[in-house]
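Only one structure is covered here, and it is reproduced in the block below.
As the structure is a prediction and not an experimental result, all values here were calculated from the model. Letters go in sequence order (proteins before strands), and every chain restarts at 1.
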Protein chains: 4
Amino acid sequence: MGDDKRESIIASALELFRNIGYHNTKVSDIVKAAGIAQGTFYLYFKSKEDLFRQVVEACMDEIVGALDRTPSGSEELDGETVMYRMIRQSLLEYYKNRNVLYLINRHGADSPELSEVCKAYYGKLAQLIIRTLKHYCVFPGYTEEQLEIEAYAKIGMVEKAAYHCFIDKGYGLEQVELVTEVLVGIDCGPCKPPGADGGLS
Amino acid sequence: MGDDKRESIIASALELFRNIGYHNTKVSDIVKAAGIAQGTFYLYFKSKEDLFRQVVEACMDEIVGALDRTPSGSEELDGETVMYRMIRQSLLEYYKNRNVLYLINRHGADSPELSEVCKAYYGKLAQLIIRTLKHYCVFPGYTEEQLEIEAYAKIGMVEKAAYHCFIDKGYGLEQVELVTEVLVGIDCGPCKPPGADGGLS
Amino acid sequence: MGDDKRESIIASALELFRNIGYHNTKVSDIVKAAGIAQGTFYLYFKSKEDLFRQVVEACMDEIVGALDRTPSGSEELDGETVMYRMIRQSLLEYYKNRNVLYLINRHGADSPELSEVCKAYYGKLAQLIIRTLKHYCVFPGYTEEQLEIEAYAKIGMVEKAAYHCFIDKGYGLEQVELVTEVLVGIDCGPCKPPGADGGLS
Amino acid sequence: MGDDKRESIIASALELFRNIGYHNTKVSDIVKAAGIAQGTFYLYFKSKEDLFRQVVEACMDEIVGALDRTPSGSEELDGETVMYRMIRQSLLEYYKNRNVLYLINRHGADSPELSEVCKAYYGKLAQLIIRTLKHYCVFPGYTEEQLEIEAYAKIGMVEKAAYHCFIDKGYGLEQVELVTEVLVGIDCGPCKPPGADGGLS
DNA sequence: CATGAATGAGCCTTCATTCAT
DNA sequence: TATGAATGAAGGCTCATTCAT
């Protein structure tokens, strides 16, 4: 039952953060929406920012976790296919967690503490990408430094495209494929006709 | 002399916003740093948010303007070279305006009004990119929709890479070339050995 | 206990408004006098003006209510006696609510909203008087327009006299009779020796 | 030319005070309307309140002066006629100075200093009325105290009626006679048919 | 006399957090 | 666990007044 309340707070908060922004959302709004008393909030969260951090962190962990499991170790895959799958998986995760996608992009990481959460998230993502790039020898000649830049660029690429498509344009799940094709296309640019690079199952 | 004060306010504000965040910066902090009286602030800016918006908007206009002038009409260039130049130019602009790069990424666009500013900025960038992609037939078979996704992806790619390099890692101007190479490399992926694609003058 | 606080705020506010004026009274003064915290004020009143309006409105309603009940329906009375009683009752009410009498006359109805409250109050009083004048055929030949002027004149007469006596001169309850005699005397002017017009018990 | 500016300030101020209230009118509004610079205001008036006081005081002096001259000493008049003339004259003055009539009733006398101005005004009016009542033996048996109440009651009567007619109802000069008749009628009440008490030329 | 940029004290209101019940 | 009344620090903005030119 306590967990019910916790979930209720999180759900109400996400909704409100999304619609009116973190700084415009009052704790009193959250508890009203969650149907609990003002003081009860503090039985579940240390502070308003703690709630934000927990919510954001949870979503981020989910995204990182999903990506981490993407190239199922059992199969033999080439780098290109793996990249395709990771991008597709990222988009699916961003779609599922588009509330957080929205929050991070719209309302930023105002406090130093929250900023660390974001930095850590991007760091994990980057490491994951670098590991994959190395494992599949996607950029054989790259130094560690170049791989890092490459990784952050990819992160930005996917995130901004996801924001544009899922938030601004309201794309649904059925359009994830389309977006993936374009993003993967960037990886090989105009070299190959897009759409011809053999999708995936 | 009035402009002195205006500039002084902007400089102090940027510094403070950067260091402690928009929401943690008090107008009283800004005026103290600028060496003026509290009321004087409101002779130059309608509100704290107005200041933020003006600063951000001015920088964004500068960036868009610089990119708009990038492919000098007089020369005959191929698409690849133009893309290279635009990415390089973007990075230079983000370096020059890294305070704003920082602000937008760290502190978000909390108010609806500011959000519009950002949306307009990305919209202009995207249009500019789409126009260029079309003009140089970089993606001949792409629909308008695909071009748009492509454009936003590029924007995110450059922005996140710039943030990582200039803000997190503290890269200087002399490393812009390196970053550019990597980002351009994405455009042709592993097809060509990076660094071999003929830089530019 | 909540009502205790509300009453405490009202009492402190009236005292302060009276002594130093509405515009010179800070909310911080009120809460200090009421022995509560600054924020507590806003649990009971929407704003400083809201408090003023509520206080004033409550008193006005009380006055109007009291006058409305004045000519007890059971008795057979002539117009003159009824007027006497109404004037006497008005004076008693103004005495009881002399804080408001003071406020309205000293500090006015600065905001449009408050102005409406006053206008409504005088409007109700006027209607009440007109109704009575008609019912007892005090001015048989008067048009509606003339009755209205008559009513407002009476209102002003009583109010100004009350202000002068209760506020400026500090008259007590025991002098209400004296004032009533004079005011009623106006109604018959020098025709009859004042005090001879058969008051009331 | 200096007087031009002074008059311009006064005119603009009256207009603004009337329309939006003393407390809502900024000095910057006044100087803008008067077409002068902010600092110039203080060459002519010590402060905003000083301006208000001067404006109000001037109008009040005019009213008192006019009433003082009303019963032209050369004629032989009975008390009733004199009262008629004074009431009529008061109404005319209030009509002419209805801006001040409005100000005093709507925006009050918030500061102690201004309060003194009003008190003095009513005091002068009262003395003038008492003197007249005595001179024409209108209330032969009245004590000084009774006469004073009588005087203040008359003042309130005229003022409230004037406010109602000239401000609320928008009566023009041509209706002054009508109002006068009603107010004088109060003096003799229902004893005589109103309108039959011999007006005046 | 005139200007208008600069001043800075002042104040209402908000809202995250606490705590007695 | 749950409540919700109470807290009080905090801060953006106003505006009457001044003063160097």
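A cation-pi arrangement is found for D:Arg18 relative to D:Tyr102, the charged atom lying closer than 6.0 Å to the ring centre and inside a 45° cone about the ring normal.
As a whole-Å value, the separation of C:Phe45 CZ from F:dA5 P is 15 Å. Rounded to an integer number of Å, the gap from NZ of D:Lys32 to C1' of F:dA16 is 14 Å. If you take CG of D:Asp29 and C1' of F:dC15, they are 10 Å apart, rounded to a whole angstrom. Rounded to an integer number of Å, the gap from B:His23 NE2 to E:dC15 C1' is 15 Å. Following rounding to the nearest Å, A:Phe17 (CZ) and E:dA16 (P) show an atom-to-atom distance of 9 Å. Going from atom CD1 of D:Ile30 over to atom C1' of F:dT14 covers 15 Å, rounded to whole Å. Between B:Tyr42 atom OH and E:dC11 atom C1' the separation is 14 Å, expressed in whole Å. If you take CD of C:Glu49 and P of E:dC11, they are 17 Å apart, rounded to a whole angstrom.
A side-chain contact (heavy atoms from CB on, under 4.5 Å) with A:Phe17 is found for exactly one of A:Val55, A:Val100, A:Asn24, A:Leu51, namely A:Leu51.
Comparing D:Val27 and A:Gly39 along DNA chain F, the residue whose closest nucleotide (by nearest heavy atom) sits nearer the 5' end is A:Gly39. With the nearest nucleotide of DNA chain F identified for both B:Ser47 and C:Ile36, C:Ile36 has the one nearer the 5' end.
The heavy-atom pair separating D:Arg98 from D:Ile167 by the smallest distance is O-CD1, 3.5 Å.
Put simply, A:Lys5 has a side-chain N or O that comes within less than 4.0 Å of OP1 or OP2 on F:dA2. Proximity of A:Lys26 to the phosphate of E:dA16: no side-chain N or O atom is located under 4.0 Å from OP1 or OP2. When the side-chain nitrogen and oxygen atoms of A:Thr40 are compared with OP1 and OP2 of F:dT3, one or more of them lie within a distance under 4.0 Å. Distances shown here put every side-chain N or O of B:Ser28 at or beyond 4.0 Å from the OP1 or OP2 atom of F:dG11.
On a pure distance criterion of 3.5 Å, a polar donor-acceptor pair joins the side chain of D:Gln38 and the base of F:dT17.
Side chains of A:Glu159 and A:Tyr122: a donor-acceptor N/O pair is present below 3.5 angstrom, by distance only.
The side chain of B:Leu43 has E:dT7 as its nearest neighbour among E:dT13, E:dT17, E:dT7. Nearest nucleotide to the side chain of C:Ala37, out of F:dT7, E:dT17, E:dC1: F:dT7. Relative to the side chain of A:Tyr44, the nucleotides F:dG12, F:dT1, E:dT13 differ in distance, and F:dT1 lies closest.
Within the shown strands, E:dT18 is the pairing partner of F:dA5 under the Watson-Crick or G-U definition, both distances less than 3.5 Å.
Between A:Lys96 and A:Glu93 there is a salt bridge, since a side-chain N of the basic residue sits under 4.0 Å from a carboxylate O of the acidic one.
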